[in-house]
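Notes follow once the structure below has been shown.
Throughout, protein chains are lettered first and strands after them, A, B, ... in sequence-line order, and every chain is numbered starting at 1.
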Protein chains: 2
Amino acid sequence: MEVKLKPKFIDLESGGKNIVIINTEDAKDIDVSALDRVYVRANGKKVTALVDTSSTMAKQNEIGLFKEVQKELHLTKEPQSLSIEKIDKPKSVYLIRKKMDKVPLKQPEIESIIEDVMNDNLSEIELTAFVTAVYINGLNEEETLALTNEIIKSGRTLHFPKKVVLDKHSIGGVPGNRTTMLLVPIIASAGLTIPKTSSRAITSPAGTADVMEVLAPVNLTEKQIIDTINKTNGCIVWGGSMNLAAADDKLIKVRHPLSLDPHGMLLASILAKKKAVGSTHVLIDISIGKGAKIFLKQDAEKLADEFIRYGNLLNMNVECIITPGYDPIGQAIGPALEAREILRILEGENVSPELKEKGIAMAGLMLEMAGRAKHGEGEATARSIIDSGKALEKMKEIIKAQGGDPSVSSKGIRIGKKSMTIKATQAGRIHYMNTRDLSTIARAAGAPKDIGAGIYLYVEKGDKITKGQNIFTIYAESDSKLKAAEELIDKLQPVELEKTIIGTVFSKHKS
Amino acid sequence: MEVKLKPKFIDLESGGKNIVIINTEDAKDIDVSALDRVYVRANGKKVTALVDTSSTMAKQNEIGLFKEVQKELHLTKEPQSLSIEKIDKPKSVYLIRKKMDKVPLKQPEIESIIEDVMNDNLSEIELTAFVTAVYINGLNEEETLALTNEIIKSGRTLHFPKKVVLDKHSIGGVPGNRTTMLLVPIIASAGLTIPKTSSRAITSPAGTADVMEVLAPVNLTEKQIIDTINKTNGCIVWGGSMNLAAADDKLIKVRHPLSLDPHGMLLASILAKKKAVGSTHVLIDISIGKGAKIFLKQDAEKLADEFIRYGNLLNMNVECIITPGYDPIGQAIGPALEAREILRILEGENVSPELKEKGIAMAGLMLEMAGRAKHGEGEATARSIIDSGKALEKMKEIIKAQGGDPSVSSKGIRIGKKSMTIKATQAGRIHYMNTRDLSTIARAAGAPKDIGAGIYLYVEKGDKITKGQNIFTIYAESDSKLKAAEELIDKLQPVELEKTIIGTVFSKHKS
């Protein structure tokens with residue numbers, strides 16, 4: 001049943017949702033309640049919107065339109081009238097119930113759910129029920145493949161006219177794990193195609209996209225990406241700007257608040273993003289340990305087996321490595337600090353050896369996967385590409401092609417002006433560096449928004465330290481954030497000596 | 001970390017949620033995102049609110065307050081400043097994860113979840129995950145009892161200084177099932193206490209509270225209820241006004257959109273409401289069949305066993321009956337039509353025999369449960385209370401005590417002025433009356449909001465009908481709603497003859 005109402009612009013954004021306000025009395029009459037969905041038709045367009053009710057914001061026969069709705073309907077001024085129609089529960093609600101009842105779904109049913117996800121026909125409650133049901137009941141092979149294919153279909157896809165298109169993915173949550181920025185120039189330098197899309201920080205102090213953005217724009221159009229690849233073989237861009245695997249972004253909105261990565265959804269999400277950029281060969285790095293998402297080696301092995309199996313079913317050659325995620329990788333945490341560290345490594349400086357070695361090892365495996373190096377020889381090839389300076393040159397080419405300044409050097413990277421160095425108040429051996437706490441401190445210092453903010457570590461697990469030795473420096477762009485980070489250090493005590501002394505372990509020296 | 005912001009009143013209701021609008025840039029600075037929760041402190045009060053972000057509705061350093069927040073903070077004008085503080089994920093989020101991971105929860109863990117539910121510390125996403133996990137993984141005995149007790153604790157409770165306090169509950173979704181309005185006067189007339197709380201229609205054309213409201217106010221205070229019971233032994237009031245089992249109302253907000261009644265939650269919800277009004281003896285009517293919530297007899301029997309077992313664990317004497325829910329019970333659907341039907345039965349008219357017999361049978365069982373009739377003799381006692389007119393007198397006493405007009409009679413009930421009678425276009429035998437479709441049609445006609453709207457049935461399943469015979473009449477309060485109902489009849493064809501003829505089966509005669 002369509003109902004005509006008089007539109008009224010409301011100068012309010014909901015943060016991405018289409019919301020309309022209907023008068024409380026009208027809502028009773030037309031049998032809609034808050035959170036029901038309606039079609040709103042005006043200006044020859046139709047959008048799906050959530051209903052909110054109010055007795056003040058919309059008079060009788062009025063309908064208030066949030067900014068998102070005004071925009072989607074292409075309205076520049078309030079039209080005379082528009083019509084709304086209550087949407088019945090979409091069919092996929094019953095399919096979600098089915099999944100809750102442990103009945104496996106068929107491909108067309110998964111298709112129907114993802115269609116409703118993409119058309120915003122499912123409420124947050126319904127989406128959450130789906131994600132929770134998938135988490136508890138799991139997905140079988142047909143479901144996982146169908147979900148992956150539907151996620152691919154939901155967004156844009158890229159195609160490169162190459163036999164081999166390489167990609168890598170890290171499942172981690174390990175700060176400083178910036179191997180992508182070493183891999184991409186090595187692989188591209190070897191003449192192989194690697195169109196790498198990366199993420200921004202959500203709860204971490206920096207994502208690879210944030211770090212690359214210190215050096216060059218990462219928010220590229222499809223054409224700019226293809227141009228960059230044509231010129232340099234590689235790129236490091238923000239995946240979010242490209243609308244790849246769009247359905248996944250909608251599912252993440254529910255998964256994130258619950259910190260929930262249902263197994264099958266994790267597989268589907270990662271593989272869909274790889275397939276969407278046309279990857280043929282994918283290396284997946286699964287970190288395990290206290291600070292990482294996965295705790296146990298056997299869980300990582302099981303996940304690796306599944307990545308390989310489903311990768312093959314999707315016509316991708318997938319290999320996995322399992323790496324330690326107990327400690328931060330490299331010495332830098334925070335966008336500018338990490339960008340500087342990558343440049344230093346590429347420039348030949350002896351910093352963050354663990355990060356450099358991991359990058360070389362992974363690049364070596366990828367060269368072998370692509371047949372560009374014989375088995376067991378990839379690492380040496382990768383190392384020579386870095387040591388010869390070729391990787392640095394390639395990185396500058398990529399920076400230039402993405403629109404950055406290719407004359408950049410590690411010395412030119414601006415780091416936060418405010419800093420404070422933490423020193424050991426006693427001698428001992430480093431027993432544990434809490435990656436989660438270090439992330440929290442770096443965020444309090446301003447990372448990733450303040451790109452110069454973060455932490456630079458001078459020690460790693462197992463190091464013997466002497467009293468007064470520098471442990472790490474916090475950088476920030478304001479005194480207040482430096483202070484906020486400092487307060488957290490006292491509270492969290494992120495670095496533990498082998499025999500912990502109760503009480504304050506560190507003294508602070510501001511500069 | 002507390003942040004000071006300048007409050008700005010927003011003339012907008014969210015429909016019950018506390019929402020504050022924070023400037024998009026500020027939100028990044030203080031590390032909150034849309035849907036995060038914050039404490040808002042002002043005027044010596046503290047409320048929990050959901051964050052929404054906007055670049056227009058709140059300038060930097062401003063915070064927009066929805067009406068609900070203004071009210072909860074007792075603000076009558078915009079104060080100079082207030083402070084907000086980001087709330088970390090409550091502990092119960094981890095408990096919900098535990099339940100998702102199939103780990104049974106202990107009593108203090110359930111307590112902690114319900115506490116967070118009551119303090120609005122859980123988002124809709126988190127609540128949905130909990131309900132979904134309970135639906136899929138079930139609840140064990142400790143969990144069910146803990147949930148029931150926490151739901152009882154979350155709201156108000158009543159106590160009557162009587163050894164026996166009777167109650168009944170129908171699990172149905174069967175239209176016209178107004179047995180409560182027969183039972184209560186019979187039981188009260190026998191000198192037994194029956195403080196009956198009922199619900200309003202949510203998706204049905206009338207709840208018992210809506211029907212009783214045609215005769216008397218149902219939105220009573222605790223004192224008014226106690227006075228009514230003291231005067232008359234019984235009452236029929238709206239449960240929602242009393243804040244009984246408050247946590248259940250919060251859980252229902254998630255269960256309702258998913259049409260989800262997790263088994264353990266259904267038990268807890270019903271038993272908590274009975275216990276909260278001080279019931280000692282409870283009769284539960286479980287309807288089964290196509291139109292009802294439960295399909296199979298064995299499922300109903302299993303549920304009945306559990307009601308009895310958990311009831312006993314909660315010190316209540318519970319008995320269950322399983323009744324057919326295939327067809328509407330009684331001839332009337334809609335508030336005024338059903339109220340008139342009840343009065344007609346109490347006045348001795350021979351209408352809705354199925355409803356009358358069900359009411360008498362249930363009242364008889366309750367009299368036996370309470371020891372007021374010998375085994376097998378309850379029904380006869382109940383029948384004599386109706387037939388003697390005592391039940392009618394008692395109903396009038398209750399109507400008066402609740403604030404209604406005791407001189408009411410069935411003839412005085414105002415029914416919708418617009419009507420249309422559906423006649424058989426051919427002879428045959430009634431094979432099936434679709435209760436869900438009849439409900440939908442009655443709602444389209446205006447029920448429950450238009451109290452005179454609804455359907456009056458002249459036939460029941462199994463009846464032989466002749467061509468031209470009246471099947472049912474639709475009543476409405478406006479031509480447009482009558483038309484809306486009429487269109488649905490064509491579409492839904494709610495009454496099926498034993499051999500369905502394809503094509504239009506009914507003709508319409510407006511009056």
Side-chain angles (χ1 to χ4, degrees), chain A residues 1 10-17 21 24 27-29 31 33-36 51-57 64 66-67 89 93-94 96-97 99-102 123-133 135-137 202 253-260 262 443-444 446 449-450 481 484 487, chain B residues 1 10-17 21 24 27-29 31 33-36 51-58 64 67 89 93-94 96-97 99-102 123-133 135-137 202 253-260 262 443-444 446 449-450 481 484 487:
Chain A
M1 193 174 60
I10 294 182
D11 187 29
L12 190 59
E13 286 164 12
S14 68
K17 280 187 201 163
I21 313 268
T24 313
K28 281 187 205 156
D29 273 346
D31 191 23
S33 316
L35 297 182
D36 274 350
V51 170
D52 213 336
T53 57
S54 165
S55 43
T56 55
M57 285 297 288
F66 270 49
K67 290 203 143 195
K89 267 193 210 312
V93 171
Y94 302 99
I96 291 169
R97 270 296 290 269
K99 185 71 210 165
M100 290 166 78
D101 287 332
K102 302 189 173 72
S123 70
E124 216 161 60
I125 288 178
E126 290 151 0
L127 258 186
T128 304
F130 179 56
V131 171
T132 306
Y135 177 81
I136 299 177
N137 294 338
I202 301 175
K253 280 190 192 151
V254 168
R255 283 158 51 191
H256 175 55
L258 293 169
S259 312
L260 207 60
R443 282 184 72 93
K449 200 199 162 201
D450 298 348
K481 290 192 181 168
E487 282 168 9
Chain B
M1 193 173 60
I10 294 182
D11 186 28
L12 191 59
E13 285 164 12
S14 68
K17 281 186 197 163
I21 314 267
T24 313
K28 281 187 203 156
D29 275 347
D31 191 25
S33 316
L35 297 182
D36 274 351
V51 170
D52 213 337
T53 57
S54 165
S55 45
T56 55
M57 283 298 289
K67 290 202 144 195
K89 267 191 210 312
V93 171
Y94 303 98
I96 291 170
R97 271 297 289 269
K99 185 71 211 166
M100 291 166 77
D101 287 331
K102 303 188 172 71
S123 70
E124 217 162 58
I125 289 179
E126 290 150 1
L127 257 186
T128 304
F130 178 57
V131 171
T132 306
Y135 177 79
I136 299 178
N137 294 337
I202 301 175
K253 281 190 190 151
V254 168
R255 283 158 51 189
H256 174 53
L258 294 169
S259 310
L260 208 61
R443 283 184 72 94
K449 201 199 159 201
D450 298 348
K481 290 193 181 166
E487 283 168 10

What part of B:N137 lies closer than 4.5 angstrom to a heavy atom of chain A: side chain, backbone, both or neither?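 B:N137 touches chain A through side-chain heavy atoms alone.
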Of the backbone (N, CA, C, O) and the side chain (C-beta and beyond), which part of B:I96 lies under 4.5 Å from a heavy atom of chain A, both, or neither?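 Neither the backbone nor the side chain of B:I96 comes within 4.5 Å of chain A.
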Results of side-chain hydrogen bond (donor to acceptor under 3.5 Å, both in side chains) for B:D450 - residues two or more places apart only: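 With sequence neighbours excluded, B:D450 shows a side-chain hydrogen bond (donor to acceptor under 3.5 Å, both in side chains) to B:K481, given in chain and number order.
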Report the residues that fulfil side-chain hydrogen bond (donor to acceptor under 3.5 Å, both in side chains) with A:K449, sequence neighbours left out, ordered by chain and then residue number.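 With sequence neighbours excluded, A:K449 shows a side-chain hydrogen bond (donor to acceptor under 3.5 Å, both in side chains) to B:D29, given in chain and number order.
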A:F66 versus chain B, heavy atoms under 4.5 Å apart: side chain, backbone, both or neither?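 The side chain, not the backbone.
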Against B:I125, only a single residue in A:V254, A:T132, A:L127, A:I125 fulfils side chain to side chain contact (heavy atoms under 4.5 Å, CB included); can you say which?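 Output: one option passes, namely A:V254.
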Could you walk me through whether B:I136 and A:K102 satisfy the side chain to side chain contact (heavy atoms under 4.5 Å, CB included) test, starting with their C-alpha distance in whole Å, then the side-chain angles of each, then the deciding distance to 0.1 Å, before giving a yes or no? CA-CA 8 Å; B:I136 299 178; A:K102 302 189 173 72; 3.7 Å; yes
